[in-house]
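The block underneath contains the structure these notes are about, expressed in C-alpha cells.
Numbers restart at 1 for each chain; the letters A, B, ... are given by sequence-line order, proteins then strands.
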Number of protein chains: 2
Amino acid sequence: MVQYSSAALDASFAALSDATRRGILERLGRAESSVSALADAFDMTLTGMKKHIGVLEQAGLVTTEKVGRVRTCRLGGRGLMAEAAWIEGLQQLWEARFDALDDIVEELKRKEQ
Amino acid sequence: MVQYSSAALDASFAALSDATRRGILERLGRAESSVSALADAFDMTLTGMKKHIGVLEQAGLVTTEKVGRVRTCRLGGRGLMAEAAWIEGLQQLWEARFDALDDIVEELKRKEQ
DNA sequence: GCTATACTGAACCATATGGTTCAGTGTTAG
DNA sequence: CTAACACTGAACCATATGGTTCAGTATAGC
C-alpha cells in the first residue's frame, strides 16, 4: 500500500476545510482565473484572496503562473487522489467491521436455533 | 445534485486535517475504544484526547456512548460519504476540463492539416 | 512619461487550535 | 467505606488562521 505523507494530507484537508477555498477550487474546475477575478467573485480583498491561493498552492491543489502583471490560477496537477484514497481506505475498514459484525450476528442466530 | 451543508464539510475536512485524528479514525475502524485507551495509544493526556474526540464527534465522524465511568468511541454512522462525494465532484469537473482541452487540441490539429 | 492596474509584503487584529495542568465528579472494586 | 479509576471542565499558553489596511513594486496603455 502507498504510504501517504502525513503532512501532505494535513495540508490538503486543511485547505479543503474552508468554504471559500472549496469554492475557489470549484470555480477553477470550470475555468482558470486571475487572482483579482477570484477576489472579486468572492467579495474579498486581493490580499485576502492571495492568502487563500497560497494555502491551496502549498497543498498542491492549485498551480499559478505569473505573466506580465497578472497571475493565473489553475487546478493543480496532483488532483485529490491521495485524499480520495485515504477516505476510501477508511471506508473499507469501516465496512469490514460491519461485515465482521454481520458474521457474529449470523453466528448467534445459528446458535439460537 | 445533493446540496451539502457547507458547515458540515468545513467541520469534517477540518477534523481530517490532523494526523492524530486521522490515526484515531483508523484505529476505531479496527476496533472501538475507550477515551483512556486512545489517550494512551497516542501518548497524550486524557484531556487532550477528549478534545480530539469532541472535534470528531462534532463533525459526525465518531459517536460515543458512556456506560458507567467509561466512554466508548466508535466510527460515526455517517461515514465519509459527503466528503468523498465532494472530492469526486471536483475531480469530474477537473477531468471535464481536460477533455475539453483535448477537443480543442484535436480541433487545432485538424485545422493545421 | 504618467497613470491605472495587478499583484506583493508587512503589520495588525480577533478568534480558533492543539496542547497542557489542576481541580473536580461519578463509578467500581476490594 | 474507601481508594483508585475514567472522565469532565476551566484556565492557561503558544501558535495558526482568516481577514483587514497600508505601503510598496512592476507592468500596460495612452
### Query
Can you check side-chain hydrogen bond (donor to acceptor under 3.5 Å, both in side chains) on B:Thr64 and B:Glu57, steps first, answer last?
CA-CA 8 Å; B:Thr64 71; B:Glu57 214 172 350; 2.8 Å; yes

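- A sub-4.0 Å separation between OP1 or OP2 of D:dG29 and a side-chain N or O of A:Arg69 is absent.
- In this structure, A:Met49 places its CE atom 14 Å from C1' of D:dT20, rounding to the nearest Å.
- OP1 or OP2 of D:dT20 has not a single side-chain nitrogen or oxygen of A:Thr47 nearer than 4.0 Å.
- Summarising the geometry, the separation between CZ on B:Arg22 and C1' on C:dG18 is reported as 15 Å, rounded to the nearest angstrom.
- Across all strands shown, A:Gly48 has heavy atoms under 4.0 Å from base atoms, whether or not it also approaches the sugar-phosphate.
- Taking atom NZ of residue A:Lys66 and atom P of nucleotide D:dA28, one finds them 10 Å apart after rounding to whole Å.
- In this structure, the CG atom of B:Leu38 is 16 Å from the P atom of C:dG18, given to the nearest Å.
- In this pair, B:Phe13 and A:Phe13 present their aromatic rings parallel. The plane angle is below 30°, not in the 30 to 60° band.
- Taking 4.5 Å as the limit, every side-chain heavy atom of B:Trp94 sits out of range of all side-chain heavy atoms of A:Leu80.
- Rounded to a whole Å, the CD1 atom of A:Ile53 is 13 Å from the P atom of D:dG18.
- Rounding to whole angstrom units, CG of residue B:Asp43 and P of C:dG18 are separated by 17 Å.
- The side chain of A:Lys50 places an N or O atom within less than 4.0 Å of a non-bridging phosphate oxygen (OP1 or OP2) of C:dG9.
- Considering only side-chain atoms of A:Leu46, the nucleotide from C:dG18, C:dA6, D:dT8 that sits closest is C:dA6.
- For D:dG19, one of the phosphate oxygens OP1 or OP2 lies less than 4.0 angstrom from a side-chain nitrogen or oxygen of A:His52.
- For the pair A:Asp40 CG and C:dA6 P, the interatomic distance rounds to 10 Å; values are reported in whole Å.
- Residue A:Thr45 places its side chain closer to D:dT21 than to any other of C:dC12, C:dT20, D:dT21.
- Residues B:Leu46 and B:Val55 fall into different hydrophobic clusters, defined by Ile, Leu, Val, Met, Phe, Trp and Tyr side chains chained together at heavy-atom separations under 4.5 Å.
- Among the nucleotides C:dG19, C:dC12, C:dT8, the one closest to any side-chain atom of B:Asp18 is C:dG19.
- The CG atom of B:Leu16 sits 14 Å away from the P atom of C:dT17 (whole-angstrom rounding).
- Residue B:Glu26 places its CD atom among more than 12 non-hydrogen atoms of other residues, nucleotides or ligands, all under 6.0 Å distant.
- Nearest to the side-chain atoms of A:Met44 among the listed nucleotides D:dT20, C:dG19, D:dT8 stands D:dT20.
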